Structure formats: structure tokens, C-alpha cells
Amino acid sequence: MKISEILSRKRTISFEFYPPKEEEGIPAVLRSMERLKEFSPDFVSVTYGAGGSTRRFTQDIAVKANEDPDVNVMAHITCVGQSRSQVHNALEDLKAAGIENVIALRGDPPKGETRFQTAPDGFSHATDLMEHIKANFSFGFAGACYPEGHVESRDLETDIEHTKRKVDAGVDFLISQLFYDNTYFYRFLDRVGKAGINVPIIPGVLPFLSTGQIRRFTSLCGATIPTELDARLEKLSDDDDAARALGIEYATEQVRDLWDNGVSGVHFYALNRSYSISRILRNLSLKVER
Ligand code: FAD
């Protein structure tokens, strides 16, 4: 089913997974997905890596998950290191496997590279890929957005102009980059609304697992760690169990606030782990309430 159809009826809960480096890791990803099925996610998504083999695993996991009639799958696809025809073929494979939803992204530069390079005869921006999808396929498709601005963007205003182009290219909805201060998300909703962006925007939430992890991720994507949270994290830099517990507590309150403020859904960056998310959803009884 197209995710846009679900969003037109209700708020969604979704989980994001990533392909393992080795094929042997695929069953563990599927097990983690299976454990989270208890919460009846409206869709699950599988990210797309920069390298050849993990891309195949993205498809393998998406196709396997899609065999379950209760699971809606959204496959991620990026423009990195592939020509238009290679991306086109990857989309054809997803279509042939019965996948109905994709999220179209430009992608991050591969490891060791600092700048995105358009591949020979490749797509330069997510919107180029979206226009290609719109013209050639019947997928439902989403795009990414950035409540604190994309790291490469001059400013938030410019980034919002580029986000508007995603809507013009036909995205059904947007999923946000992670953030730890909901104020940024609410201000963003206000600004994009004024910019004419009228598709559902689903906040992305990452329950952090350790002080090192949240610092690493936020420095890569430019998300702010609120001062008070940062001080608590500092004290837990050598205690991952306590940091994970704080991650559950923090995300529980973050999602409660988002939900109470009427967001279109919540997309959890599950990172192939089920424990924290299970705890958060139980804390909130979200499955039964929605
Ligand atoms: P774009 O929309 O192309 O934007 C990239 C930059 O270019 C921005 O600064 C934007 O403002 C600017 N820009 C856009 N259009 C134009 C234009 N016409 N002219 C000039 N500048 C422009 N990465 C992966 O590698 N694999 C994944 O599976 C993946 N999944 C993700 C899922 C979500 C929900 C999110 C939020 C991110 C994901 N990413 C993934 C990361 C993403 O690929 C990076 O954030 C990437 O740097 C930008 O992708 P984009 O699709 O937003 O690109």
C-alpha cells in the first residue's frame, strides 16, 4: 500500500533499518524487524549505502520484509556513485519485487570523501531523482528534510527553498533529520508551512545509545544537543548502559511532546536495534492509542 494512503487516514509509526556490511548479518536485521512488529508499524524502511554490496542487501532486506503482507516497505535510494540508468535499473528491480514506496535522496559522500560528487551521467540533487521517479514509475515517494538546515546549506531559508522543490517534484511526504530539541521542529513546521510546503512532515527520532554515538551523529548532521541534555550526557561518557537508559527516557518525553502536538507520525531511526524503541513505545502505549 502507498504510505500516502495511510497518512491520509492516520498518524504513522515507522522504523528505519540499515543493511549490514556482510550478507551473514541480514537475518539479524530481519529478527530486529520481527521483534518490532509487535507495535504494528505502518511502514519500515531500509537505508541505501554508498557501496555496491550493501546496496544489494538493501534490496534483499526490503524484498524479504515485503513478503509479509502485514508489512509496508519503503526502500531508500540515493544518487551516489551511480549513473541515471543504474539508478533506474535499481528502481525497476524494486518495482518488480512489488515494493510500492521509496524515499529518494541525494545521499552522503562515500566514506573518506568530504563532498558529494555527481556520478558520470548521474543525478546531482534529490529532486532530479524525484523527477525521474515521477516520470517513469508509479512508486509513492518521500524525501528528506532538515529542521536545523542541511549541513551544506548556506542557511535554513535556502534549504527550505530546496525542500519546496521536493514538493513540486511530487513527494507524498517528508521525513526529518534527527533532532533533540523539538522547538527546532515546531519552528521548521511553521516556516515550511509559510513557504507553501503542504505535505505531511514526519519527525525522525533517534533514541541515542551512548554519549559517543549522539556526539558523533549530531556533529555529522549538525543537530543541536540541548545544553541540559549535554551536561547529563557528559557524566555518562563512560557508562553506555546509563546513557542508553537516558536515551529511552529522553526519547519517550520527546515523542510524547511531538505526539501531543499533533505530528503526522514518528519515524524511529532504529539502527537495527529493537530494545530502546520497544521500551519507548511501551512507555507511551502508542500502539493502542493510535
Ligand atoms: P538534496 O535535497 O539534494 O540536498 C542536498 C544539499 O543540496 C542541501 O544542502 C540542499 O539545500 C542542496 N540543494 C538541493 N537542491 C539543490 C539545487 N537545485 N541547487 C543547489 N543546491 C541544492 N543517506 C544515504 O546515503 N542513504 C540513505 O538511505 C539515507 N536515508 C536518509 C533518510 C532520511 C529520512 C534522512 C533525513 C537522510 C537520509 N540520508 C541517507 C542522508 C542524506 O542522503 C543526506 O542528508 C544528504 O547529504 C542529502 O540528501 P537529500 O536527499 O536531502 O539531498
Side-chain angles (χ1 to χ4, degrees), residues 3 12 14-20 29 43-52 54-55 57-59 61-62 73-82 87 90 94 101-111 113-119 122-133 141-179 184-185 188 191-192 195 197 199-206 217-223 264-272:
I3 295 163
T12 54
S14 50
F15 305 130
E16 182 173 307
F17 300 85
Y18 68 87
V29 181
F43 65 96
V44 298
S45 80
V46 191
T47 65
Y48 200 68
T54 73
R55 286 180 174 168
F57 303 155
T58 298
Q59 191 175 334
I61 295 167
V73 176
M74 180 174 80
H76 295 222
I77 185 130
T78 75
C79 314
V80 177
Q82 294 190 105
V87 176
L94 292 171
N101 301 282
V102 295
I103 176 165
L105 304 136
R106 186 198 69 180
D108 279 326
K111 232 184 180 144
E113 290 175 33
T114 49
R115 286 182 69 84
F116 174 84
Q117 302 273 7
T118 303
F123 298 107
S124 297
H125 304 290
T127 44
D128 302 336
L129 171 56
M130 289 165 179
E131 281 159 12
H132 183 84
I133 292 173
F141 65 95
C145 66
Y146 303 85
E148 297 180 57
H150 183 258
V151 275
E152 293 166 33
S153 244
R154 188 160 21 107
D155 50 40
L156 185 57
E157 195 175 337
T158 315
D159 199 38
I160 288 175
E161 281 166 22
H162 294 143
T163 307
K164 171 72 167 63
R165 293 192 195 178
K166 295 182 184 183
V167 178
D168 298 340
V171 287
D172 296 321
F173 62 101
L174 295 163
I175 301 183
S176 88
Q177 182 58 278
L178 61 88
F179 55 91
Y184 285 102
F185 186 73
F188 181 70
R191 287 183 71 163
V192 296
I197 294 175
V199 296
I201 299 183
I202 299 177
V205 172
L206 174 68
F217 283 4
T218 51
S219 76
L220 284 173
C221 73
S264 301
V266 175
H267 184 71
F268 285 97
Y269 293 109
L271 301 183
N272 300 349

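Remember, it's 1-based here, ligands and their atoms both numbered in the order they're listed. Note that this is a predicted model, so its numbers are computed, not measured. Only heavy atoms go into these numbers, but all of them, side chains included; no hydrogens, no water, no symmetry mates.
Considering Arg106, Glu152, Arg154, Glu16 only, the shortest heavy-atom separation from atom 51 (O) of ligand 1 involves Arg106. Nearest to atom 29 (C) of ligand 1 by heavy-atom distance, out of Thr47, Asp155, Val80, Leu105, is Leu105. Nearest to atom 43 (O) of ligand 1 by heavy atom, out of Gly107, Ala144, Ala104, is Gly107. The option from His162, Arg165, His76, Glu161 that lies nearest to atom 18 (N) of ligand 1, judged by heavy atoms, is Arg165.
The shortest heavy-atom distance from Asp108 to ligand 1 is under 4.0 Å. In this structure, Phe123 falls outside the shell of residues with a heavy atom less than 4.0 angstrom from ligand 1. Residue contacts with ligand 1: Phe116 is excluded, as none of its non-hydrogen atoms falls under 4.0 Å.
Under 4.0 Å from ligand 1, the heavy atoms of His150 that appear belong solely to its side chain. Under 4.0 angstrom from ligand 1, there are no non-hydrogen atoms of His267.
At a distance under 4.0 Å, a protein heavy atom can be found next to atom 13 (N) of ligand 1.
Applying the ring-ring contact (aromatic ring centres under 6.0 Å, His included) criterion to Tyr48, with sequence neighbours excluded, gives no partner residue. Partners of Thr218 according to the side chain to side chain donor-acceptor pair (under 3.5 Å) rule, which considers only residues two or more places apart in sequence or in another chain, do not exist here.
Aromatic pair Tyr184/Phe179: centroids not less than 6.0 angstrom apart.
For the pair Arg106 and Glu152, the salt-bridge criterion is met [side-chain N within less than 4.0 Å of a carboxylate O].
Using a 3.5 Å distance cut-off with no hydrogens or angles, the side chains of His267 and Ser14 do pair a donor with an acceptor.
Per-residue contacts place Gln177 under 4.0 angstrom from the following atoms of ligand 1 (heavy atoms of the residue considered): 36 (C). In summary, the atoms of ligand 1 found under 4.0 Å from a heavy atom of Tyr48, numbered by their order in the structure, are 24 (C), 25 (O), 26 (N), 27 (C), 28 (O). In summary, the atoms of ligand 1 found under 4.0 Å from a heavy atom of Ala126, numbered by their order in the structure, are 1 (P), 2 (O), 3 (O), 51 (O), 53 (O).
The closest donor-acceptor contact from the side chain of Asn272 to the backbone of Val29 lies at 3.5 Å or more, if one exists at all.
By the neighbour-count criterion of 12 heavy atoms within 6.0 Å, atom CD of Glu157 is sparsely surrounded, having that number or fewer from other residues, nucleotides or ligands.
Here the closest non-hydrogen pair linking Ala169 and Glu131 is CB-CG, 4.1 Å.
Looking at atom 45 (O) of ligand 1, its nearest protein heavy atom turns out to be Tyr146 OH, 2.7 Å.
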